[in-house]
Amino acid sequence: MTDTADTAEDPAAHDSRSRVERYDPSTIESRWQQEWARLRLYDTDLTDTSRPKHYLLTMYPYPSGDLHIGHWYIVTPSDALARFRRMHGDNVFFPIGFDAFGLPAENAAIKSGGHPYTWTMRNIENMRRQFKTMGAMFSWEHEVVTCDPMYYRWNQWLFLRFLEKGLAYRKKSPVDWCPNDGTLAREQVEGVDRHCWRCGALVEKRDLEQWYLRTTAYADELLSFEGIDWPEPIRIQQTNWIGRSEGAEIDFATAPSDHHVGGETLRVFTTRPDTLFGATFMVLAPEHELVERLTAPDRRDEVAAYVEQARRRTEIDRLSTDRDKTGVSIGADAINPVNGERIPIFIADYVLAGYGTGAIMAVPAHDERDFAFATQFGLAIRRVVAAPGTDADAPMDGAYVAHAADERLVNSGEFDGLLADEGGRAIVARLAEQNAAEPKVTYRLRDWLISRQRYWGTPFPVVYCETDGVVPVPDEDLPVRLPEDVDYEGSGTNPLTKDDAFLHTTCPRCGGPATRETDTMDTFIDSSWYWFRYLSPEKTGSAVDRGLVDRWTPVDQYTGGAEHAVMHLMYSRFWTKAMRDCGLIGHDEPFLRLFNQGQILGADGERMSKSRGNVQDPDELVSRYGADSVRLFLMFMGPWDQGGPWSPTGIGGVHRFLNRVWTIVLDPTGQEPGDKDAGRLPAGESEDDAIGTLRGAAHRTLRDVTTDYEAFRFNTMVAKLMELANTLFRYRGTVSAGGPAWDEAVDLLLLMLAPAAPHIAEELWSRRLAAAGRRWESIHLASWPAVDETATAVATREIPVQVNGKLRDKVIVAADADQTTVERAALSAPRIVALLDGRTPDRVIHAGGRLVNIVLRDG
RNA sequence: GCCGAAGUGGCGGAAUGGCAUACGCGGCGGUCUCAAACACCGCUGAGGGCAACCUCUUGUGGGUUCGAGUCCCACCUUCGGCACCA
């Protein structure tokens, strides 16, 4: 029973039939990996200007512990591309590194009592070793590890540049807070009651002074994708994420009442100033700064309770249009500036403090959320925009949000009859005269909150001094190092806050006592510029080497997971523009071309994670089938941008394909006993025909495989190589096997296979060279072959013939047959003649010489 | 909920508006073998028919077109993201 595995590992011992040795990836692959390393085959000379440069970047991994199948899925097609470009004569730079700061290391340290650094570096060592079994052509000498002070000091240095440029600032903002474990990440808040994952305490909001980067300063520039070739879905997602809205800010005043003098300004943002006359109430975000002041005494308890409740909800929950609207009246009114009408003020959680002004004028007749709220609270609904012919005062059963060109204002006083668009502008213009409104553009995009209340990240290079306030640490004192000793004391709170040696320092300005910032930077900062550092990881004096940066960036091709469509890919664009404005680089965009591949999920269809226990380890597959089979299988599984649940079913098929290639190359004249036709050409084919078939198949495959590589269609690329191998296999043992056409086809097959399955291609290539008495040179230094168009030409075409769109027959015509000839052949095909039964077609459609459709009415 | 993507044989998937199901897995039959495994050859969407062949089929329902997996409208399901996982 248990012997099956052994047999599979060493089948040659039992195989008396084979005249050549069996394909054994385990010896081949490690041998070539060592040989490539010895020859430094993949070192990139960044100063070499003799060839066009090609910077191929793949998203660097988080060192979670082990390389799983998802890493292989990301990396191996990228590696194939790197090799493909290199075979086209490019000087390819394909670096790798580790995104080494972050939460998991800290969690492991808290749990086991070790140090995040130890945990991280151990994982990195392990993953480096595993990466090398892929046979990828990484430039390891350019590796960066972001938790190394050699790297993170430049995070600090760049932060100081941004600070000087006014792109960094401090602001108070809320975090999810656990009384025992401090700030919690979203994934650390569990359950509908929102409790701490570690201690179970209910999560509170706490307002903290935190650092921000001014991403909104670049909102408009980020909306432009000029000069970069990114997939449309990503561009759309980023555009929606930035969420530019044109509209106006309008000032309402608070109305006097028996508990309040009134006269305060309540500024709202609206995209529909044309509906101002329809504003029948006003809604403030529960966090709005005026809520406390405006609330009537008898409403205080209810309002306070609602504010508390709203603060506990997640933003996704608050913005859901699905759930019933909630809110409370604060017992105060506002005055509509356009008509002096008193309207009640509410607070409701569907209005967010961080968007617009944190306050809206509610127009239930023309906004769905406002309509739902008004219906629930019995508030007035007044139509102010109507399409021609609409009864302006008829009751409405839903909000009318359509925005057709011919809608006009109604119930809007002197503005009645204006087209909605011009009415909106007129209203804003009128109010602007009284300084009560101004046209305004608002973005959904927010500034980037980069403070994290954690140890395992880049320390902020600032100190707080009683005399001088916020003082940057001078460049020459960088890096501000993380203290090496860290005691988590079993809690999630940031140990830096309890580390006196770290905490207490002197002010660089006045020399007096000062305290260090204990927050560290978001890890997305590390990944916002790492590709610059790859070029010069050891560089001192500056974050980047300007000469290398100017030559090598922007990155030509970036590959990585679609889950980064918005955040990482947006932060990187922002960072590049910010570095440009600090005079550090001279271009605008980080990545010229982008490909977002899909994600490999666990077998259960869920994201792979250790906690779910669905992580797939490739090591066993590699030792059983070899790295080449695993690489090829991952490419063959499906379209690369699709991803999907992991299943190793079918890897045997890819392995069999490589076995066939092995046999084709090393034993072209052998014959399979299971094949009755072995050694015979297909019926009716001459030796010349066979040569034509082989050459045609090889060059058509080359033509198609080339475009598949260029378009990242790896699955069909592998399928076409399989077809070519099947064709060659069919001719194995015939008179044409081993001849010049055969040899040409085999060479093409190996060259096309080399980027995807580098080891077997190298092995077979070297054996062919040796057999031919030629000196060895790596297949990975060979040039990509050129298609011979004369070989791909065909003599005849098969034309499908349809009647009324249904396939009824096929005719074979000469390749250069004209339309008349094709039509004559189609109409005289036996089955078509029978179907026509003497009738004349009403129409005959020629689809560009690919198909004929005969249209027969009443047919 | 909002934004983005995807639904095609038993399974992974292929298909510039033009032959649906390439390639592979699995299954069935065979060759080789004392036997098994490996390898190889053939068949394999569903239904009907002795057969030639016919009908149906790309998540659901409509539409555009000579012709729709592909384009348009509505809906259903699944996946990714929603700002402290990376």
Side-chain angles (χ1 to χ4, degrees), chain A residues 3-4 7-8 11 14-18 22 59 61-62 64 99 101-104 175-176 183-189 232-234 236-237 239-241 243 314-323 445-446 448-449 451-454 522-524 527 561-568 570 596 598-599 601 605 607 609 633 636-639 641-645 647 649-654 656-657 659-660 663 671-678 715-716 718-723 726 729 798-802 804-807 810 831 842-845 847-848 850-856:
Chain A
D3 287 349
T4 0
T7 315
H14 304 274
D15 190 349
S16 53
R17 201 168 48 232
S18 183
R22 295 277 306 216
M59 288 179 189
Y62 179 80
S64 50
D99 187 14
F101 275 135
L103 211 46
V175 295
D176 284 324
T183 305
L184 299 182
R186 211 174 80 180
E187 65 165 20
Q188 298 175 317
V189 179
E232 194 183 15
I234 307 295
I236 293 172
Q237 276 184 85
T239 302
N240 292 336
W241 181 263
T314 65
E315 203 166 296
I316 291 172
D317 188 26
R318 283 176 64 162
L319 285 174
S320 170
T321 51
D322 210 18
R323 92 200 145 88
L445 180 73
R446 306 200 284 255
W448 176 12
L449 170 65
S451 290
R452 300 291 181 266
Q453 292 75 49
R454 307 191 188 287
D522 182 4
T523 55
F524 272 120
S527 54
E563 68 276 18
H564 292 296
V566 179
M567 299 180 62
H568 161 59
M570 186 90 95
N596 274 137
Q599 232 181 336
L601 306 171
R607 246 189 70 168
S609 72
F633 176 61
F636 183 60
M637 270 173 47
D641 56 3
Q642 198 171 291
S647 162
T649 313
I651 189 170
V654 165
R656 260 193 290 283
F657 158 64
N659 262 306
R660 274 164 182 261
T663 308
Q671 298 183 358
E672 294 304 319
D675 184 357
K676 290 186 290 293
D677 295 323
N715 56 331
T716 53
V718 176
K720 283 159 194 163
L721 291 182
M722 286 173 166
E723 283 182 275
N726 289 346
F729 208 86
E798 188 186 55
I799 308 282
V801 184
Q802 297 182 332
N804 287 341
K806 283 198 167 122
L807 177 73
K810 293 176 184 184
R831 289 180 53 205
D842 293 282
R843 241 176 112 183
V844 177
I845 291 175
R850 290 191 305 278
L851 171 144
V852 173
N853 187 16
I854 297 164
V855 184
L856 203 58

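Hydrogens, waters and symmetry mates play no part in the numbers below; they use all other heavy atoms, side chains included. Residue numbers start from 1 in every chain, and the chains themselves are labelled A, B, ... in the order their sequence lines are given, proteins ahead of strands.
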> Expressed as a whole number of Å, how far does the P atom of B:rU55 sit from that of B:rG59?
22 Å
> Would you say A:Ile845 and A:Val852 make side-chain contact, with heavy atoms under 4.5 Å?
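A:Ile845 does not reach A:Val852 side chain to side chain.
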> Pick the P atom in B:rU57 and in B:rG63, then give their distance to the nearest Å.
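Straight-line distance between the two P atoms is 15 Å.
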> Under the side-chain contact (heavy atoms from CB on, under 4.5 Å) test, which residues partner A:Thr183, sequence neighbours left out?
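Expected list: A:Val175, A:Trp177, A:Leu208, A:Gln453.
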> When you compare the side chains of A:Asn853 and A:Arg843, does any donor N or O come within less than 3.5 Å of an acceptor on the partner?
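Short answer, no.
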> Applying side-chain contact (heavy atoms from CB on, under 4.5 Å), name anything that partners A:Glu315, two or more places apart in sequence or on another chain.
A:Leu319, A:Leu352, A:Arg446
> Output the distance between atom CD (A:Glu187) and atom CG (A:Leu103), rounded to the nearest 0.5 Å.
5.5 Å
> For A:Phe633 and B:rG13, what is the distance between atoms CZ and P respectively, to the nearest whole Å?
10 Å
> Return no unless some side-chain N or O of A:Lys806 is found under 4.0 Å from OP1 or OP2 of B:rU57.
no
> Taking ring pair (Phe, Tyr, Trp, His ring centres under 6.0 Å) as the test, write out the residues that go with A:Phe729, two or more places apart.
none
> Return no unless some side-chain N or O of A:Arg831 is found under 4.0 Å from OP1 or OP2 of B:rC54.
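Checking B:rC54 against A:Arg831, a side-chain N or O does come within under 4.0 Å of OP1 or OP2.
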> Expressed as a whole number of Å, how far does the P atom of B:rC84 sit from that of B:rG13?
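It works out to 33 Å between them.
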> I need the A:Asp99 CG to A:His568 NE2 distance, nearest 0.5 Å.
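Answer for the CG-NE2 pair, A:Asp99 versus A:His568, is 8.5 Å.
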> Quick check for you: to the nearest 0.5 Å, what is the distance between A:Leu445 atom CG and A:Asn240 atom CG?
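Going from the CG atom of A:Leu445 to the CG atom of A:Asn240 covers 12.5 Å.
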> Test of understanding: with side-chain contact (heavy atoms from CB on, under 4.5 Å), list the residues that count as partners of A:Pro639, not counting sequence neighbours.
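If we apply the side-chain contact (heavy atoms from CB on, under 4.5 Å) test to A:Pro639, skipping adjacent residues, the hits are A:Asp641, A:Gln642, A:Asn715.
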> Does B:rG9 count as syn, meaning its glycosidic angle lies within 90° of 0, or as anti?
syn
> Looking only at heavy atoms, which two atoms of A:Gln237 and A:Ala565 are closest? And how far apart?
NE2-CB, 3.9 Å
> Which value, in whole Å, describes the distance between the C1' atoms of nucleotides B:rC73 and B:rG81?
27 Å
> Looking at every non-hydrogen atom in both residues, tell me the closest pair between A:Val855 and A:Asn804 and how far apart they are.
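Looking at all heavy atoms of both residues, the closest pair is CA-OD1, 3.4 Å.
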> In chain order, what residues pass the side-chain contact (heavy atoms from CB on, under 4.5 Å) check against A:Ala562, with sequence neighbours excluded?
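Listed in chain order: A:Asn596.
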> Can you identify which nucleotide, out of B:rC19, B:rC40, B:rC38, has its nearest atom closest to the A:Arg656 side chain?
B:rC40
> Sequence neighbours left out, what passes ring pair (Phe, Tyr, Trp, His ring centres under 6.0 Å) with A:Phe633? Give chain and number order.
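So A:Phe633 forms a ring pair (Phe, Tyr, Trp, His ring centres under 6.0 Å) with A:Trp646.
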> Which parts of nucleotides 3-8 of chain B does protein reach within less than 4.0 Å, heavy atoms only, written one letter per nucleotide 5' to 3' as B for base, S for sugar-phosphate only and - for none?
SSS---
> Identify the pairs formed between an N or O of the protein and an N or O of nucleotides 84-86 of chain B at a distance under 3.5 Å, and give each distance.
from, atom 1, to, atom 2, distance (Å)
B:rC84, OP2, A:Arg452, NH2, 2.9
B:rC84, O4', A:Arg452, NE, 3.3
B:rC84, O3', A:Arg186, N, 3.3
B:rC84, O2', A:Arg186, N, 2.8
B:rC84, O2, A:Arg454, NH2, 2.7
B:rC84, N4, A:Gln210, OE1, 3.3
B:rC84, N4, A:Ser451, O, 3.4
B:rC84, N4, A:Gln453, OE1, 2.6
B:rC85, OP2, A:Arg186, N, 3.3
B:rC85, OP2, A:Glu187, N, 3.3
B:rC85, O4', A:Glu187, OE1, 3.2
B:rC85, O2, A:Arg607, NH1, 3.4
B:rC85, O2, A:Arg607, NH2, 3.0
B:rC85, N3, A:Arg607, NH1, 3.0
B:rA86, OP1, A:Leu103, N, 2.9
B:rA86, O3', A:Asp99, OD2, 2.2

> Which heavy atom of A:Pro800 sits nearest to which heavy atom of A:Lys810, and what is that distance?
CA-CG, 4.1 Å
> Check the interface with nucleotides 21-23 of chain B: list each N/O to N/O pair with the protein under 3.5 Å, or write none.
none

> A:Gln671 has an atom CD; how far is it from atom C1' of B:rU31, in whole Å?
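After rounding, the gap between these two atoms is 14 Å.
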> For RNA chain B, report each stem as range with range, ordered by first number, or say none. Use Watson-Crick or G-U wobble pairs under 3.5 Å, at least 3 in a row.
B:1-7 with B:76-82, B:10-12 with B:23-25, B:26-31 with B:39-44, B:45-48 with B:53-56, B:59-63 with B:71-75
> For nucleotides B:rA52 and B:rA6, find the distance between their P atoms and express it as a whole number of Å.
40 Å
> Shortest non-hydrogen contact from A:Arg454 to A:Leu184?
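Heavy-atom minimum between the residues: NH2-C, 3.9 Å.
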> Looking only at heavy atoms, which two atoms of A:Phe101 and A:Thr523 are closest? And how far apart?
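Distance-wise, the nearest heavy atoms are O-CG2, 3.3 Å.
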> How are the rings of A:His564 and A:Phe524 set to each other: parallel, tilted or perpendicular (split at 30° and 60°)?
perpendicular
> Hey, what are the protein-to-nucleotides 66-74 of chain B N/O distances that come in under 3.5 Å?
from, atom 1, to, atom 2, distance (Å)
B:rC66, O2, A:Asn853, ND2, 2.5

> Calculate the interatomic distance between A:Gln599 atom CD and B:rG80 atom P; express it in whole Å.
7 Å
> Just verifying a value: how many Å separate A:Arg22 CZ and A:Thr663 OG1, rounded to the nearest 0.5 Å?
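OG1 of A:Thr663 is found 7.5 Å from CZ of A:Arg22.
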> Between B:rC50 and B:rG12, how far is it from one P atom to the other, in whole Å?
35 Å
> Provide a list of protein-nucleic acid N or O atom pairs under 3.5 angstrom, restricted to nucleotides 41-44 of chain B.
from, atom 1, to, atom 2, distance (Å)
B:rC41, OP2, A:Arg660, NH2, 3.4
B:rC41, O4', A:Gly674, O, 3.4

> Write down the distance separating the C1' atoms in B:rA68 and B:rG61, rounded off to the nearest Å.
16 Å
> Would you measure the distance from the P atom in B:rA35 across to the matching atom in B:rG45 and give it in whole Å?
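Looking at atom P only, B:rA35 and B:rG45 are 32 Å apart.
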